[in-house]
Amino acid sequence: GGPPIWAGGRSDAALRRTGRMTDGWMSYVVTPEMFRQGLDKIAIAAAEANRSFAHGFGTSHLLFTRIDDTYEKALDAATVTLSQRYAMDFRKAAQRYCALGTPQQVAETALRFHEAGARHIVLDFVGPYEERDLQIERFAAEAMPLLANLRGGK
């Protein structure tokens, strides 16, 4: 009983705990392939603990996102924000882990996570914070229609 308990984490130990003890997983700072591999590890741990993994287990990914006219502009804006947030040069990590670029490029990245097993995507719009509302509006107007097939056209 009670509310579903989800966990985060990407280390092997965290993934094993998630499989043994929780009802869902939220990842971040992983690639779609890493997400898929994480789900495989969680499923193994769930089976070893005699837990049902297939029914009702939630999957989500926190995706740093920036829409811009070009990939490079989006990468530059994301790098500034994330480098400050994490007190390190985040450019290479942004290239690897973020959904950046045109609405088409951002939608394609979200789709890759869906194909890897993520059923919920939490968008963290990066770049200047005063532009967040514009980023949300642009995503809704330009990227969401590209993802409509995933939701049955809704």
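Atoms considered below: every heavy atom in the structure, side chains included; atoms not considered: hydrogens, waters and symmetry mates.
- Side chain of R119 to main chain of H114: a donor-acceptor pair is present (N/O by atom type, distance under 3.5 Å, no hydrogens or angles).
- Looking only at side-chain heavy atoms (C-beta outward), F139 and L147 come within less than 4.5 Å of each other.
- Considering CD of Q135 and CG of D133, their distance stands at 10.5 Å, rounded to 0.5 Å.
- At distances below 3.5 Å, at least one donor-acceptor pair connects side-chain atoms of H61 with backbone N or O atoms of S27.
- The one candidate from I42, L39, I121 that meets the side-chain contact (heavy atoms from CB on, under 4.5 Å) condition with T59 is L39.
- Ion pairing between a basic and an acidic side chain is recognised when a charged N comes within 4.0 Å of a carboxylate O; D124 and R66 show no such pairing.
- Here the closest heavy-atom approach between residue G8 and residue A14 is recorded as O-CB, 4.1 Å.
- The closest side-chain heavy-atom distance from Q95 to Y71 is below 4.5 Å.
- At a threshold of 4.5 Å between non-hydrogen side-chain atoms, the residues P32 and E115 do not count as touching.
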>> Evaluate W25 against F35 for side chain to side chain contact (heavy atoms under 4.5 Å, CB included), listing each step before the verdict.
In response: CA-CA 10 Å; W25 178 49; F35 188 91; 3.6 Å; yes
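- Heavy-atom minimum distance, L15 versus G9: CD2-O, 3.8 Å.
- Of all the heavy atoms in L100 and A94, the pair that sits closest is CD1-O, 3.6 Å.
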> Going through the distances and angles, do T102 and Q105 end up as a side chain to side chain contact (heavy atoms under 4.5 Å, CB included)?
Replying inline: CA-CA 5 Å; T102 65; Q105 290 170 309; 3.3 Å; yes
>> Please determine whether ring-ring contact (aromatic ring centres under 6.0 Å, His included) holds for the pair F57 and W6, giving the CA-CA distance in whole Å, both sets of side-chain angles, and the decisive distance to 0.1 Å.
In response: CA-CA 9 Å; F57 188 84; W6 288 34; 7.4 Å; no
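- A distance of 10.5 Å separates OG1 of T22 from CZ of R17, quoted to the nearest 0.5 Å.
- In this structure, K41 and R16 have side chains that are not in contact, with every pair of non-hydrogen atoms separated by 4.5 Å or more.
- Not one N or O on the side chain of R138 forms a donor-acceptor pair closer than 3.5 Å with the backbone of P103.
- Of the charged side-chain nitrogens involved, at least one lies within less than 4.0 Å of a carboxylate oxygen, so that E72 and R91 count as a salt-bridged pair.
- A donor-acceptor pair under 3.5 Å is absent between the side-chain atoms of D68 and the main chain of G101, judged by distance alone.
- Checked options Q37, R36, R112, R96; the residue passing with T31 is R96 (criterion: side-chain contact (heavy atoms from CB on, under 4.5 Å)).
- Looking only at side-chain heavy atoms (C-beta outward), V122 and M26 come within less than 4.5 Å of each other.
- If you run side-chain contact (heavy atoms from CB on, under 4.5 Å) between T79 and each of D76, L82, T81, L75, only L75 comes through.
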> Taking it one step at a time, do F64 and R85 satisfy side chain to side chain contact (heavy atoms under 4.5 Å, CB included)?
Replying inline: CA-CA 12 Å; F64 296 133; R85 183 183 295 178; 3.2 Å; yes
